[in-house]
Student: 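Sending over a structure as structure tokens; questions will come in a sec.
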Amino acid sequence: MINITLPDNSVRQYPVGTTSLEVALSISEGLARNVLAAKVNGEVRDATRPINSDARLQLLTWNDTEGKATMWHSSAHLMAEAIELLFPGVKFGIGPDIENGFYYDMDFGDRQMTPEDLPAIEAKMLELAREKQGFKRREVSKALALDFFTKKNDEYKLELIKDLEDGQITFYESGSFTDLCRGPHLPDTSPIKAVKLLNIAGAYWRGDEKRKMLTRIYGITFPKQKELDEYLVLLEEAKKRDHRKLGRELELFTFSQKVGQGLPLWLPKGAMLRERLERFLKNLQQKAGYLPVMTPHIGNVELYKTSGHFQKYGKDSFQPINTPIEGEQFMLKPMNCPHHCEIFSSKPRSYKDLPVRLAEFGTVYRYEQSGELHGLTRVRGFTQDDAHIFCRPDQLKDEFKSVIDIVLHIFRILNFQEYTAQVSLRDPANTEKYIGSDENWEKAERAIMEAAEEKGLKTIVEIGEAAFYGPKLDFMVKDALGRKWQLGTIQVDYNLPERFELDYTGSDNQKHRPVMIHRAPFGSMERFVAVLLEHGGGNFPLWLTPDQVTILSISEKYVDYANKVAGLLRNAEIRALVDERNEKTGKKIRDAEILKIPYMLIVGEKEEQSGTVSVRKHGQGDLGSMSIEEFIALINNEIKQMMEMVNG
RNA sequence: GCCGAUGUAGCUCAGCUGGUAGAGCAGCUGAUUUGUAAUCAGCUGGUCGGGGGUUCGAGUCCCUCCAUCGGCUCCA
């Protein structure tokens with residue numbers, strides 16, 4: 001007999017070789033029906049595999065991330081089986097589960113797959129799933145594995161097998177399909193009740209752009225049709241919130257083929273919105289001791305040779321421009337930091353002067369491959385809310401904490417309630433890849449970890465993800481639809497102070513090298529506005545929104561009064577418009593609702609006579625009438641509350 | 001950059017197997033003077049992404065370039 005410890009720490013005894021599924025069955029039949037996989041001593045395995053010694057067991061269902069992953073991985077096999085039946089001769093690459101669903105990379109030979117092919121595959125998958133096909137695990141020798149896929153003429157699997165060690169190779173068989181696979185898999189296909197193949201895309205074999213492009217089909221499956229329907233609604237909602245669509249509808253920004261791809265044009269409403277965001281951050285930075293600087297959009301090539309950017313990115317950049325007579329070469333600036341380094345070294349610095357915090361909303365230009373460009377999130381010209389902190393090593397931790405404060409303040413004010421921080425450290429097995437002394441690295445990594453912990457950040461640590469010049473802390477937020485975005489970043493840099501030979505005089509009257517911190521709480525204005533748009537679905541906080549109030553006159557007779565109200569609001573620094581159009585009130589309301597203007601003031605005979613306004617709130621409806629003064633107080637209070645909520 | 005799809009009026013879209021471009025909204029003009037999500041009528045607006053080709057004739061077929069979208073690769 002063996003002892004099985006369940007998550008509630010209860011211990012049950014079973015014969016040697018009992019499977020997780022049998023354990024589930026001994027608890028309840030319902031549970032057994034829902035088991036997708038099992039975690040045995042922390043390892044996710046097939047629920048049908050026997051357990052041969054004492055173990056901790058967690059049964060995984062659809063409610064567990066690993067349960068979903070197992071189901072989606074099995075769904076990838078199911079799709080492969082369906083495709084092999086429908087299109088014999090297809091060769092298979094890899095087919096893993098992903099965050100939302102799964103994909104399989106396949107070589108269809110000369111056949112071109114189109115979205116029209118997908119419904120037939122979906123139907124076949126459902127048909128096979130209903131057969132309740134089991135997933136049979138089989139350990140095979142390398143020779144047998146090679147033989148199998150040689151006969152099948154699948155060079156991709158053969159390549160994968162060649163990299164595997166004999167004795168560690170397993171096959172999984174489900175229905176007519178046999179795949180090289182580590183597993184784990186579902187007990188059988190019956191939980192797969194709803195299937196949707198989402199799209200077809202090209203993907204390089206093994207992610208290598210020099211190798212063949214395979215056809216990748218993405219899909220997702222669910223145990224209930226209703227869950228699939230809900231997921232599809234979510235996708236629809238995401239489409240509605242696409243910042244590219246909202247940006248056009250709300251007249252925030254546009255693109256022009258003539259100006260060039262990846263070069264956003266900010267329209268008046270978007271430009272003013274951006275200015276408000278900048279002012280907001282500038283105020284925070286001023287309080288935190290940052291000093292504004294301004295630097296030009298181009299810099300001599302020598303600057304970037306000193307910084308090392310030219311050697312590393314020069315060939316992939318916009319090419320340098322030349323002066324006609326002297327033949328000097330200038331680059332569009334891809335980074336602000338080299339300029340800021342030169343500002344730091346513009347005069348001697350004492351240890352008493354540090355930290356020096358230089359801030360600039362600096363516009364940079366980077367060549368991005370044409371296929372990479374995407375709305376405002378991936379562009380060729382963008383403005384970083386950049387700052388560089390030059391400090392002593394012993395100041396690193398406090399500076400980090402102060403930057404974290406700014407980032408968290410922004411998240412709270414802008415209503416990003418879910419966020420995580422990723423700490424990227426160097427790979428200790430590979431220290432020669434990195435610049436800077438071991439001592440400095442250890443100090444910096446410790447400073448980041450401690451700063452994050454003292455600020456109570458939820459962090460994930462990634463070993464080996466650091467930049468070659470220093471460790472970093474990146475912030476990810478989840479938006480209202482649960483999608484993750486990477487925003488702000490804080491990076492330690494030992495490289496540039498070295499390359500620019502920056503120094504300060506210490507209390508010992510010796511020269512010392514400062515540490516540099518790059519930080520951008522928004523990341524870039526473009527990306528941040530995009531995320532803000534998708535997060536709020538086009539609705540902005542009252543203090544930020546382009547137009548706060550629109551005044552709707554019931555008829556032309558009241559346009560004068562509407563303009564008078566607008567004047568009073570503008571005097572109170574409220575952004576107000578007047579809809580003077582000769583339209584019915586219902587139409588004006590409809591249009592204002594579509595434009596997501598937070599407040600609508602309806603004015604007609606009653607209001608003019610009593611000096612009041614009828615207030616309607618976006619998305620809520622009629623709030624009744626009040627005096628203009630009361631309305632101004634209402635707005636100011638709302639904004640004040642938004643700000644105080646987080647200051648307090 | 002790579003694979004695939006798409007590109008028709010400011011926006012959303014129709015246009016069958018080639019026969020000479022159409023709707024709704026927006027805009028303009030007029031009528032109406034409107035009370036909490038679309039008043040009515042008329043009008044303007046398109047070298048059908050650019051270029052080349054096939055054809056008596058191309059939005060429609062072919063080639064090529066550009067842009068956009070979905071991915072891949074990349075992202076200081």
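In what follows, chains are A, B, ... by sequence order, proteins preceding strands, each numbered from 1.
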Student: Without decimals, in angstroms, what is the distance between A:Arg581 CZ and B:A38 P?
Tutor: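 It works out to 13 Å between those atoms.
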
Student: The side chain of A:Arg378 is closest to which nucleotide in this list: B:U36, B:C75, B:G35?
Tutor: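 Closest of the options to the side chain of A:Arg378: B:C75.
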
Student: From the list B:C2, B:C25, B:C74, which nucleotide is the closest neighbour of the side chain of A:Lys587?
Tutor: B:C25

Student: Taking the side chain as C-beta and beyond, is there a heavy-atom pair between A:Glu465 and A:Lys472 under 4.5 Å?
Tutor: no

Student: Quick check for you: among B:G71, B:U33, B:G1, whose closest atom lies nearest to any side-chain atom of A:Ser555?
Tutor: B:U33

Student: In whole Å, what separates the C1' atom of B:A9 from that of B:C43?
Tutor: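 Approximately 15 Å lies between the C1' atom of B:A9 and that of B:C43.
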
Student: For B:C16, which nucleotide in any strand shown is its Watson-Crick or wobble partner with both distances under 3.5 Å?
Tutor: none

Student: Between A:Glu116 (CD) and B:U6 (P), how many Å, whole number?
Tutor: 9 Å

Student: I want to check one thing: is the phosphate of B:U12, taken as OP1 and OP2, less than 4.0 Å away from some side-chain N or O of A:Arg248?
Tutor: yes

Student: Considering every strand and a 4.0 Å limit on heavy-atom distances, what is the contact class for A:Thr585: base, sugar-phosphate, or nothing?
Tutor: sugar-phosphate

Student: Whether the A:Lys484 and A:Thr420 side chains hold a donor-acceptor pair (N or O, under 3.5 Å, no angle test) is what I'd like checked.
Tutor: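 The criterion, which ignores hydrogens and geometry beyond distance, is not satisfied for A:Thr420 and A:Lys484.
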
Student: May I ask which nucleotide in the shown strands pairs with B:C11, Watson-Crick or G-U wobble, both distances under 3.5 Å?
Tutor: B:G24

Student: Does the structure show a Watson-Crick or G-U wobble partner for B:A67, both distances under 3.5 Å? Name it, or say none.
Tutor: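 By the stated definition (distances under 3.5 Å), B:U6 pairs with B:A67.
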
Student: Is any side-chain N or O of A:Arg244 closer than 4.0 Å to OP1 or OP2 of B:C69?
Tutor: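 Result: yes.
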
Student: Going by the ring-ring contact (aromatic ring centres under 6.0 Å, His included) test, name the single residue among A:Tyr494, A:Phe468, A:Trp441 that passes it with A:Tyr434.
Tutor: A:Trp441

Student: The side chain of A:Arg616 lies closest to which of these nucleotides: B:U36, B:C25, B:C72?
Tutor: B:U36

Student: Measure from NE2 on A:His243 to P on B:U68 and round the result to the nearest Å.
Tutor: 12 Å

Student: Which whole number of Å gives the distance between the P atom of B:G35 and that of B:G30?
Tutor: 23 Å

Student: If the cut-off is 4.0 Å, is A:Tyr103 near the phosphate of B:G70, judged by side-chain N/O to OP1 or OP2?
Tutor: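 Answer no for this pair, as no side-chain N or O of A:Tyr103 is under 4.0 Å from OP1 or OP2.
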
Student: When the C1' atoms of B:U6 and B:U12 are compared, how many Å lie between them, rounded to an integer?
Tutor: 15 Å

Student: Touch check for A:Lys606, heavy atoms < 4.0 angstrom, all strands: base, sugar-phosphate only, or nothing?
Tutor: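 The residue A:Lys606 makes base contact.
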
Student: Quote, to the nearest angstrom, the P distance that separates B:C62 from B:C69.
Tutor: 25 Å

Student: Hey, does the side chain of A:His374 come within less than 4.0 Å of B:G71's phosphate (OP1/OP2), counting only N and O?
Tutor: no

Student: Would you say A:Lys596 places a side-chain N or O within less than 4.0 Å of OP1 or OP2 belonging to B:A37?
Tutor: no

Student: Using the P atom as the reference point in each nucleotide, state the distance between B:G42 and B:G1 in Å, no decimals.
Tutor: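 The answer is 49 Å between these two P atoms.
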
Student: Side chains of A:Asp479 and A:Trp485: any donor to acceptor distance under 3.5 Å?
Tutor: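 A:Trp485 vs A:Asp479: donor-acceptor pair found between side chains.
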
Student: What's the CG-P distance between A:Asn495 and B:A76, to the nearest Å?
Tutor: 14 Å

Student: Considering only the C1' atoms, how many Å lie between B:G57 and B:G49, rounded to the nearest integer?
Tutor: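 23 Å, rounded to whole Å.
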
Student: For B:A31, which nucleotide is its Watson-Crick or G-U wobble mate, given both distances must be under 3.5 Å?
Tutor: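 Matched B:A31 with B:U39 under the 3.5 Å cut-off.
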
Student: For the side chain of A:Glu607 and the base of B:G35, is some donor closer than 3.5 Å to an acceptor across the two?
Tutor: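 Checked by distance alone, the answer is yes.
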
Student: Would you find more than 12 non-hydrogen atoms of other residues, nucleotides or ligands less than 6.0 Å from A:Asp163 atom CG?
Tutor: yes

Student: Select base, sugar-phosphate, or nothing to describe what A:Gln369 touches, counting heavy atoms under 4.0 Å on all strands.
Tutor: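 Result for A:Gln369 = base.
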
Student: Roughly how many Å is it from CD in A:Gln112 to C1' in B:G70, rounded to a whole number?
Tutor: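 Roughly 14 Å, once rounded to whole Å.
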
Student: Of the nucleotides B:C72, B:G35, B:U39, which has the atom closest to the A:Ser614 side chain?
Tutor: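 From the listed options, B:G35 comes nearest.
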
Student: Side chain to side chain donor-acceptor pair (under 3.5 Å) for A:Asn539 and A:His618? Distances and angles first, verdict last.
Tutor: CA-CA 10 Å; A:Asn539 296 299; A:His618 167 64; 3.0 Å; yes

Student: Describe the nucleic acid contact of A:Asp622 in one word from base, sugar-phosphate, nothing, applying a heavy-atom distance below 4.0 Å.
Tutor: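 It contacts base atoms.
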
Student: Would you kindly give the CZ-to-P distance between A:Arg216 and B:C2, to the nearest whole Å?
Tutor: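 Between P of B:C2 and CZ of A:Arg216: 19 Å.
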
Student: B:U39, B:A37, B:C75: which one has an atom nearest the side-chain heavy atoms of A:Arg366?
Tutor: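 The closest nucleotide is B:C75.
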
Student: Is it the case that B:G35 (base atoms only) and A:Tyr558 (side chain only) share a donor and an acceptor within less than 3.5 Å, ignoring hydrogens and angles?
Tutor: no

Student: Give one of base, sugar-phosphate or nothing for A:Phe255, where a contact means two heavy atoms less than 4.0 Å apart.
Tutor: nothing

Student: Starting from P on B:A37, measure out to CG on A:Leu552 and report it in whole angstrom.
Tutor: 12 Å

Student: Quick one: label A:Gly371 by what it contacts on the DNA or RNA (base, sugar-phosphate, nothing), any heavy atom closer than 4.0 Å.
Tutor: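 Result for A:Gly371 = base.
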
Student: Counting only side-chain heavy atoms from C-beta out, which of B:A37, B:G71, B:G35 sits nearest to A:Ile554?
Tutor: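 Nearest to the side chain of A:Ile554 among the choices is B:G35.
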
Student: If you measure from the C1' atom in B:G51 to the same atom in B:A58, how many Å do you get, rounded?
Tutor: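 Nearest-Å result for B:G51 against B:A58 at atom C1': 15 Å.
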
Student: Quickly, which of A:Glu360, A:His340, A:Glu342 forms a side chain to side chain donor-acceptor pair (under 3.5 Å) with A:Thr295? Name it, please.
Tutor: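 It is A:Glu360, the one option of A:Glu360, A:His340, A:Glu342 that forms the side chain to side chain donor-acceptor pair (under 3.5 Å) with A:Thr295.
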
Student: Would you say A:Gln257 places a side-chain N or O within less than 4.0 Å of OP1 or OP2 belonging to B:U68?
Tutor: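 A:Gln257 to B:U68 OP1/OP2: no side-chain N or O under 4.0 Å.
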
Student: With nearest nucleotide decided by heavy atoms, which residue, A:Gly604 or A:Cys337, maps closer to the 5′ end of RNA chain B?
Tutor: A:Gly604

Student: Between B:C75, B:U33, B:U36, spot the one nearest the side chain of A:Ile602, thanks.
Tutor: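 From the listed options, B:U36 comes nearest.
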
Student: Tell me whether the count of non-hydrogen atoms from other residues, nucleotides or ligands lying under 6.0 Å of CD in A:Gln311 goes above 12.
Tutor: yes

Student: For A:Met600 and B:A38, give me the distance from atom CE to atom P, rounded to whole Å.
Tutor: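 For the pair A:Met600 CE and B:A38 P, the rounded distance is 13 Å.
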
Student: Which nucleotide in the list B:U33, B:A38, B:C3 gets nearest to the side chain of A:Lys557?
Tutor: B:U33

Student: Tell me if the CD atom of A:Glu159 is crowded by more than 12 foreign heavy atoms within 6.0 Å.
Tutor: yes

Student: Closer to the 5' end of RNA chain B via nearest nucleotide, is it A:Met113 or A:Tyr313?
Tutor: A:Met113

Student: Considering only atom P, compute the distance from B:U17 to B:U36 and round it to an integer number of Å.
Tutor: 49 Å

Student: Heavy atoms from C-beta onward define the side chain here; which of B:G27, B:G70, B:C74 lies closest to that of A:Glu368?
Tutor: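 Output: B:C74.
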
